[in-house]
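One structure below.
Only this structure's heavy atoms are used, side chains among them; waters, hydrogens and symmetry mates stay out. One-based numbering, in listed order, for ligands and for the atoms of each.
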Amino acid sequence: MQLIMNTMERPESTIVSTIQTELLHWYARYQRDLPWRKDQDPYKVWVSEIMLQQTRVNTVIPYFNRFIERFPTIIDLANASDDDVVKMWEGLGYYSRVRNLHSAVKEVADKYGGKVPDQIEEISRLKGIGPYTAGAILSIAYQRKVPAVDGNVMRVYSRIFALYDDIAIPATRKKMEAIGDVLIPEHAPGDFNQALMELGATICTPTSPQCLFCPVSSVCEANEQELQDELPQKKKAKAPTPVSVRFAWIESGHSVFLVKRPDKGLLAGMWSLPTFDQEDPSAELDQYLLTRRWTVQSREVEAKIDHVFSHRHWFIEIERIKLDQVPIECGENEEWLDINSIYQKAFPNVYRKAISVMKKQ
Ligand code: SF4
């Protein structure tokens, strides 16, 4: 089978109709039963799509159910406190996602009376909504013919059409969206987009695509030419930079000292142990204790852990610092908390790991 793409990257019409028909039939029959597919509520589609960024479906399901139970409507979420919202996200990682979602939901409540906008220009202006999420919400909840191109979709298109473009660069996404403009059927844009994502997630997987069970194998160039292992093309991401970090577990009696991380940057606004990650973390901590004027009874590095983020790899030493007195003063965004109530706060995984290690010592 010779796939013909003209200069506008328009697949032949017979191939278009085969892909549409086969994919929609397959999706109708085999789609997974997922909680956000129970209805087409744009708010639930939105929450699920944000949760699913960088996170596996099975991990997301319980979080999604708990989140929707706690904040059943957009207004409930808009009226919730930041701490409550982050607490419901605790453990999912990439916390800027939930901060952006919360802030965008407040804007929808204020500006659009709680109705998620159904126009691409308006929805794209909301915080945290990029072209993929906009396409997913508009097509699934409002049946608009808008492409939703994520990593799964790029892999499927690369293989079906034998495209060697680097899927890590923005121009390739544009090209894939143009293909979507041609392929997405007017009568079922939401199902079609979801079918493509589902195919990428369950059949056309990165390392072992199951072409025998694939509904579009008859029109797939990678299948025809055995190119599955070569496609898609993706430039290797740089390895995360190693960083030496020191956490301070500062205790006074039964209380532990916690701080909120800065509003910008890694793990922005999350509760944490005091963290030192400059050139000489140990000296940085010495200086920190000096400026506080606390009387230190003892200090000792008690544990070492490591944690990998997308761009950084933290090698962490955790130092236990016992103070003589019970300090009563706290600055803004700081708190002494009884060790037994520490999990009232929402912590990113790296700090949960550190707290759990230190509680066991
Ligand atoms: S035939 Fe194979 S490579 Fe082609 S889309 Fe299907 S699973 Fe992917």
Query raised in the report: Sequence neighbours excluded, which residues qualify as side-chain hydrogen bond (donor to acceptor under 3.5 Å, both in side chains) partners of Gln228?
Result: none
Distance only, no hydrogens: is a donor on one side chain within 3.5 Å (strictly under) of an acceptor on the other, for [X] and [Y]?
{"X": "Gln53", "Y": "Tyr132", "value": "no"}
{"X": "Ser103", "Y": "Asn100", "value": "no"}
{"X": "Tyr351", "Y": "Arg261", "value": "yes"}

Query raised in the report: Does Arg97 make a cation-pi contact with Tyr94, if we ask for NZ or CZ under 6.0 Å from the ring centre and within 45° of the axis?
Result: no
Report summary line: Near atom 8 (Fe) of ligand 1 (protein N/O/S, cut-off 2.8 Å, waters excluded) we have Cys204 SG
Requested in this report: Might you confirm whether atom CZ of Arg37 has over 12 heavy atoms from other residues, nucleotides or ligands at distances under 6.0 Å?
Outcome: yes
